[in-house]
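The chain is numbered in sequence order, starting from 1.
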Amino acid sequence: MDIGKFNAEGYYDPTPYEALKNDRKYRPLVYICSPFSGDTEYNTERARRCSRFAVDMGAIPIAPHLLFPQFLSEKTERELALFMDMVLLGKCEQLWVFGSEVSDGMQREIAKAKKKNMKIRYFTDDFKEEAECR
């Protein structure tokens, strides 16, 4: 069966055509959990690499610590940022934890994901998946 821009009655109906033409595989929304505070320049670049890894693995990454520092102060608005992090985490299907260092903020994110029975995946600094051992 060939999909065209006209429906069975002959009326112009491009929506099904465009939807089927651009059919792509499902990509889960994953929350990127990695350190931010401390060496923020290094940790920002690390979060970028983690997000790229998630894309390469077929996921859609959400990394609030790449977005919120653009307009929120880590020093004066940390709790607000963490609150917004938790809201976004609640919209995700999985939590991906990167590295051996687990910050206070990361611990809070992991605890929330566990409470929601979310799938949590753990990765080393060189992006090798590991079993939960923290």
Evaluate whether atom CD of Glu41 has more than 12 neighbouring non-hydrogen atoms of other residues, nucleotides or ligands under 6.0 angstrom away.
-> no

Aromatic ring proximity, centroids under 6.0 angstrom, Phe123 and Phe53 | yes

Any side-chain heavy-atom pair from Ile32 and Ile62 closer than 4.5 angstrom?
-> no

Would you check if Arg46 and Pro35 make a side-chain contact, meaning some heavy-atom pair closer than 4.5 Å?
-> yes

Tightest non-hydrogen contact, residues Ala113 and Ile120, listed as CB-CD1, 3.8 Å

Are Tyr31 and Trp96 an aromatic pair by the rule of ring centers under 6.0 Å?
-> no

Can you measure from SG (Cys33) to CD1 (Ile110) and round to the nearest 0.5 angstrom?
-> 4.5 Å

Please examine the side chains of Val30 and Leu95, heavy atoms only from C-beta on, and report whether any two atoms are closer than 4.5 Å.
-> no

Gap between atom CZ of Arg49 and atom CZ of Phe127 - 0.5 Å precision | 6.0 Å

Out of curiosity, Leu72 CG to Arg78 CZ, how far, rounded to the nearest 0.5 Å?
-> 12.0 Å

Please list all pairs passing the salt bridge (charged side-chain N to carboxylate O under 4.0 Å, His left out) test where one or both residues lie in residues 79-94, with sequence neighbours left out.
-> Glu79-Arg108

Min side-chain heavy-atom separation Arg121-Lys119 under 4.5 Å | yes

So do Met106 and Phe36 actually touch side chain to side chain, heavy atoms under 4.5 Å?
-> no

Check for a donor-acceptor pair, side chain of Asn43 on one end and backbone N or O of Ser34 on the other, with a separation under 3.5 Å.
-> no

Would Leu66 end up clustered with Leu80 when hydrophobic side chains under 4.5 Å apart are linked, directly or stepwise?
-> no

Sub-4.5 Å side-chain heavy-atom contact between Tyr122 and Val102 | no

Any pair with a residue in residues 65-85 that passes ring pair (Phe, Tyr, Trp, His ring centres under 6.0 Å), sequence neighbours left out, goes on the list, sorted by first then second residue, please.
-> Phe68-Phe71

Using atom types as modelled and distance alone, determine if a side-chain donor or acceptor of Thr44 lies under 3.5 Å from a backbone N or O of Thr40.
-> yes

Answer yes if Leu82 and Val97 sit in the same cluster of Ile, Leu, Val, Met, Phe, Trp and Tyr residues linked by side chain heavy atoms under 4.5 Å apart, and no otherwise.
-> no

Quick check: does any side chain N or O of Ser73 sit under 3.5 Å from a backbone N or O of Glu77, one acting as donor and the other as acceptor?
-> no

With no hydrogens and no angle check, is any side-chain donor or acceptor of Arg27 less than 3.5 Å from a backbone partner on Val55?
-> yes

pair Glu74-Ser37: side-chain heavy atoms closer than 4.5 Å = yes

Under-4.0 Å salt bridge between Glu45 and Arg48 = yes

Minimum side-chain heavy-atom gap Asp104-Glu109 below 4.5 Å | no

Where do Leu89 and Met118 land on the side-chain contact (heavy atoms from CB on, under 4.5 Å) test, with the steps shown first?
-> CA-CA 10 Å; Leu89 175 59; Met118 290 176 70; 3.8 Å; yes

Scanning both residues in full, the closest heavy-atom pair of Pro69 with Pro64 reads CD-O, 3.7 Å

